[in-house]
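Working notes for the structure below.
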Amino acid sequence: MTAITAIDGIEQTPALVVDREAFAFNLATMAEALPGARLRPHVKAHKSTGIARAQAAQSHRTFTCATIREVEVLAEAGLGDDLLLANEVADARRLGAAADRHGARVTVAVDSEATIDAARNGGVREVLVDVNVGLPRCGCRPEDAGRLADAARAAGLEVRGVMGYEGHVVGRPDRAERTEKVAESMALLVQAAGLVGGDVISAGGTGTYDLNTWATEIQAGSYCLMDTAYGELGLPFRQALSLVATVISVSPKYAVADCGLKALGMDHGSPSMEAARVLFCSDEHVTFVPDEPVQVGDRVRVIPAHVDPTVAYHEVFQVVDAGKVTEQWPVDMRGW
Ligand SMILES: Cc1ncc(COP(=O)(O)O)c(C=O)c1O
């Protein structure tokens, strides 16, 4: 059936909905595979202290962040045992201040003399040398990692080890190819780790959480909510996140619901719908062909192709148990 049974407690759409049962299953499955500090959950996927607390309750007390704001909010929430900003920043003063104000342990990625200077000048005490393992993004060349570690130590910083995110590998659909490519990437990271010293090798994501056996900690984040791109990889995680939208117009050949580009991250393609074919999204609309007739006012479920940017558009998760909203988790790490 294209239309879904109304969920008690959802008034405004589009609404970001978490199926608690699927979410709990995902957390438990990951905690069994990577207990405690073997997983450093990446909060960029959910941006919510409600979810970070659930991960902490599963024994993961260390977190990966993508933005300064994520570090600040976790530290303020008392979840600052060991926070890694797995990104370079040109101005680290807010990080140093968050660490001091909340007694948090904050580590930042560095890949240049300039980012080392920024860490030191910002009052951050610990760093990881970020190594480019094949994703054309941040990270130094493996052969430069030792020199940067020396420079960081000379600047008075504690170098905990290396990080290197194999983001070009995590989404490859073929598991054998993922396995081969993660080995290639991690050979570079292990080489750099030998030059840098320290005991941390931080890497990995949802698509490689069980393939990356070189990293001492895995930075997966999407696993707890999931999206259709990761859903195609045959991972053991369930789709816990969806958007509930309302049908606002019906034409002979298609229907339209109130959930478009401004409610969905579309960089991994169009969303999917239950019992319907999505034609396209525009700013506030998804135009779709339902398998069965729908009417204005019907509720439909839209599954995002990419969890992280989708969540960042919203202010709150509606947590649903057996067709009823039982809790709300603010997306309180949004913003910069
Ligand atoms: C630095 C870093 N580590 C890890 C991840 C893994 O995230 P995911 O669980 O979505 O694969 C990401 C995702 O973008 C990332 O940027």
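Each ligand, and each atom within it, is numbered from 1 in the order the structure gives.
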Check your understanding: CG of L279 to OG of S270: how many Å apart, nearest 0.5 Å?
Key ->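 So the gap between those two atoms works out to 9.0 Å.
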**Study point:** Gap between atom CD1 of I4 and atom CD of E274 - 0.5 Å precision
**Key:**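 E274 CD to I4 CD1: 7.0 Å, rounded to 0.5 Å.
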Point to revise | Flag, side chain of N26 to backbone of R238, donor-acceptor distance under 3.5 Å | key: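 Yes; at least one donor-acceptor contact below 3.5 Å.
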Exercise for review: Below 4.0 Å from any atom of ligand 1, which residues have a heavy atom? Give them in chain and number order, please.
Suggested key: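 Lining ligand 1: H42, K44, R137, Y165, G204, G205, T206, Q219, A220, G221, S222, Y230.
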Check your understanding: Hey, which of Y209, F25, Y230 is the one that makes ring pair (Phe, Tyr, Trp, His ring centres under 6.0 Å) with F237?
Key ->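 Of all the options given, the one that passes is Y209.
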Check your understanding: If Ile, Leu, Val, Met, Phe, Trp and Tyr residues are connected whenever their side-chain heavy atoms lie under 4.5 Å apart, and connections chain through other members, are V307 and V17 in the same group?
Key ->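 Different hydrophobic clusters.
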Exercise for review: Could you pull out all residues at least two apart from D117 that satisfy salt bridge (Lys or Arg N to Asp or Glu O under 4.0 Å)?
Suggested key: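 With neighbours one apart ignored, the set is R120.
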